[in-house]
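Quick note: numbers below take in every heavy atom, side chains included, and nothing from hydrogens, waters or symmetry partners. Whatever order the structure lists them in is the order used to number ligands and atoms, beginning at 1. Quick caveat: nothing in here was measured; it's all calculated off a predicted structure.
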Amino acid sequence: MNVDILLGLQWGDEGKGKIIDYLAPKYDIIARFQGGPNAGHTLVINGEKTVLHTVPSGILQDRPMNVIGNGVVIDPVTLRKEIENLNSKGVDVNKRLFISKKAHLILPTHKILDAASEAAKGVEKIGSTLRGISPTYMDKTGRNGLRIGDIISPAFKTIYNRIKEKHLNLLKIYDFEFSLDEIETTWFEAIEFVKSLNLIDSEYYLNNALANGKSILAEGAQGTMLDIDFGTYPYVTSSNTITSGACNGLGIPPTKIKEVIGIAKAYCTRVGSGPFPTELLNDTGELIRKTGSEFGATTGRPRRCGWIDLPQLRYAIMINGVTQIAMTKADILNDFEVIEACTDYKVDGKLSREVPYDMANTVIEPQYHKLCGWKTDLRKFNTYDDLPETFLGYLSFVEEYLGTEVTMISTGPERERLVFKRAMEAVS
Ligand code: GDP
Ligand code: IMO
Ligand code: MG
């Protein structure tokens with residue numbers, strides 16, 4: 001059968017985990033394709049919150065198998081914690097989780113290098129999650145990495161030590177204090193734990209599943225504007241967060257892709273440094289942060305908040321070939337009299353609807369269209385036709401601008417708070 005992809009259209013934290021958890025029973029396999037424990041995907045079921053960093057967001061549903069693809073970078077310590085936490089909740093993770101042997105390992109020294117590099121950048125820091133993501137992908141593309149499949153090799157420790165020595169030499173260029181012994185011991189204990197998991201050639205598993213009529217939902221992490229190629233470089237993450245990343249990160253052919261579901265909040269947030277044209281450094285921004293509990297699921301850092309940015313979303317839709325949009329967190333704007341949406345960027349006195357080459361060094365004056373707020377609690381609506389006129393007006397403005405339908409509207413963090421525009425058959 002086909003692969004559908006679900007990914008973030010903004011700067012991450014759009015609510016991917018929530019929507020994937022809801023959609024998961026409709027698929028045979030949920031497969032994460034990139035990123036690592038920099039991600040924090042939140043699921044709320046019967047009032048209980050679970051934050052997933054590496055394990056795919058289908059794990060709390062009974063039907064699908066879950067795959068951590070080759071494009072993901074894995075910190076065995078985080079993975080172990082996550083699996084043990086799920087096991088303690090009664091989830092038999094090992095029965096439903098496969099891990100690609102080609103996924104790269106985050107070493108203790110990758111995390112130290114991440115921290116040292118960020119500290120050295122001072123005010124120009126990326127605002128990394130300090131999970132070792134960038135040094136690990138650097139070693140992957142530099143062809144120096146260690147992969148999950150290597151952990152059973154007799155040469156594992158020797159290769160590890162070689163890479164560690166290289167990292168320790170690199171660390172000499174930084175004035176950065178660290179202690180390795182304790183985290184290294186924990187890391188090797190976690191490696192033993194990982195040996196007990198299902199380590200597979202996931203590209204064969206996934207392609208065989210497709211050949212046998214099974215359906216796959218590919219789970220993105222981060223968001224389009226954090227993509228290493230098309231995001232707000234250099235304030236990005238180190239992987240391809242976009243549709244094409246699913247092909248690289250899982251080994252599935254582009255011809256198998258059917259629906260691309262893009263997720264966007266009804267406003268916009270960003271955590272970490274870097275450009276954010278519609279950021280609200282005022283009471284409105286503060287109100288959105290407070291009402292929306294906009295604090296990072298991985299680091300707890302306050303998220304920067306602003307209005308929805310339509311030129312940015314249009315760009316993300318173009319890059320990803322989005323076929324439908326899921327909108328989250330409109331309920332956070334329930335009490336607003338007026339909702340604003342950025343329709344144009346003014347750069348050097350000229351209006352533009354394109355994302356400039358170097359957003360970080362371009363002065364952008366966002367131009368806003370004002371829309372009437374719905375002033376109703378969206379959480380009480382379960383069907384599309386019952387949604388208030390004013391909210392539907394906001395939706396059609398967004399849809400018309402983006403030329404793409406909003407087919408799902410999330411009205412709360414809980415699994416069941418999701419309103420569909422059309423029947424789910426549209427998804428594979
Ligand atoms: P992800 O990284 O894209 O999975 O998103 P996060 O989990 O980091 O952040 C999204 C946050 O918003 C989480 O706390 C979710 O529980 C919450 N959330 C998701 N959808 C909705 C929604 O429609 N309304 C509200 N109020 N909260 C939501
Ligand atoms: P999910 O999957 C939001 C941001 C960091 C930083 C930049 C680089 O939960 O949406 P990294 O640690 O990757 O080197 O950090 O990317 N970032 C995220 N922001 N959501 C995420 O993931 C993120 N993962 C990384 O804040 O600005
Ligand atoms: Mg998140």
Can a donor-acceptor pair be found, under 3.5 Å and without considering hydrogens, that links the side chain of Arg96 to the backbone of Ile59? yes
For atom 26 (N) of ligand 1, find the nearest protein heavy atom and state the residue, atom name and distance (0.1 Å precision). Asp331 OD2, 2.7 Å
Check: Glu82 side chain, Thr54 main-chain N or O, donor-acceptor pair, under 3.5 Å: yes
Has Tyr401 got a side-chain atom pairing as donor or acceptor with Ala341's backbone, closer than 3.5 angstrom? no
Exactly which residues line ligand 2, taking a heavy atom under 4.0 Å from it as the test? Trp11, Gly12, Asp13, Lys16, Asn38, Ala39, Gly40, His41, Ile126, Gly127, Ser128, Thr129, Ile133, Ala221, Gln222, Leu226, Val236, Thr237, Val271, Gly272, Arg301
Residue, atom and distance of the protein heavy atom nearest atom 12 (O) of ligand 1 read Lys329 NZ, 3.0 Å
Any N or O of Arg379 that comes nearer than 3.5 Å to an N or O of ligand 1? no
Under-2.8 Å protein N/O/S neighbours of the Mg ion (ligand 3), ordered by chain then residue number: Asp13 OD1, Gly40 O
Can you tell me if Glu219 uses its side chain to pair, donor with acceptor, with the backbone of Ser57 under 3.5 Å? yes
Ligand 1 atoms nearer than 4.0 angstrom to some heavy atom of Ile332 are 26 (N)
Counting both backbone and side chain atoms, is some N or O of Ala330 under 3.5 Å from an N or O of ligand 1? no
With the threshold set at 4.0 Å, does a side-chain nitrogen-carboxylate oxygen contact exist between Arg417 and Glu414? yes
Is Arg303 close enough to touch ligand 1? Criterion: a residue heavy atom under 4.0 Å from a ligand atom. yes
Counting each atom of ligand 1 from 1 as listed, which ones have a heavy atom of Gly17 under 4.0 Å away? 4 (O)
Distance under 4.0 Å to a non-hydrogen atom of Lys18: what atoms of ligand 1 satisfy this? 20 (N)
Establish, from distance only, whether the side-chain atoms of Thr299 and Arg131 form a donor-acceptor pair under 3.5 Å. no
Give a yes or no answer on whether the side chain of Ser100 reaches the backbone of Ile68 with a donor-acceptor pair at less than 3.5 Å. no
Reference residue Glu294; test salt bridge (Lys or Arg N to Asp or Glu O under 4.0 Å); the match among Arg303, Arg304, Arg301: Arg303
Identify, with sequence neighbours excluded, every residue that meets ring pair (Phe, Tyr, Trp, His ring centres under 6.0 Å) alongside Tyr267. none
Assess Gly12 for proximity to ligand 1: is some non-hydrogen atom of it under 4.0 Å away? no
Just to confirm my output: which protein heavy-atom neighbour is closest to atom 10 (C) of ligand 1, and how far is it? Asp13 O, 3.7 Å
Where does the angle between the aromatic ring planes of Phe98 and Tyr205 fall among parallel (under 30°), tilted (30 to 60°) and perpendicular (over 60°)? perpendicular
Please confirm whether the backbone N or O of Ile106 pairs with a side-chain atom of Trp187, one donor and one acceptor, at under 3.5 Å? yes
For Phe336 together with Tyr394, are the ring centres under 6.0 Å from each other? no
Verify whether one side chain among Gln222 and Asn38 offers a donor that lies under 3.5 Å from an acceptor in the other. yes
Does the gap between the ring centers of Phe391 and Phe381 come in under 6.0 Å? no
Tell me the protein heavy atom at minimum distance from atom 16 (O) of ligand 1, and give that distance in Å. Pro413 CB, 3.4 Å
For ligand 1, which atoms have a heavy atom of Ala297 less than 4.0 angstrom away? 8 (O)
The protein heavy atom nearest to atom 6 (P) of ligand 1 is Gly40 O, 3.5 Å
Would you mind checking which non-hydrogen protein atom is closest to atom 7 (O) of ligand 1, with the distance to 0.1 Å? Thr42 OG1, 2.5 Å
Protein contact of atom 23 (O) of ligand 1 - nearest heavy atom, named by residue and atom, plus distance: Ser410 OG, 2.5 Å
Judged by atom type as modelled, is there a donor-acceptor pair below 3.5 Å linking the side chain of His167 to the main-chain atoms of Lys164? no
Would you please name every residue forming a salt bridge (charged side-chain N to carboxylate O under 4.0 Å, His left out) with Glu354, sequence neighbours left out? none
Proximal atoms of ligand 1 relative to His41 (non-hydrogen, under 4.0 Å): 1 (P), 2 (O), 4 (O), 7 (O)
Please work out whether the ring planes of Phe397 and His369 are parallel, tilted or perpendicular, with thresholds of 30° and 60°. parallel
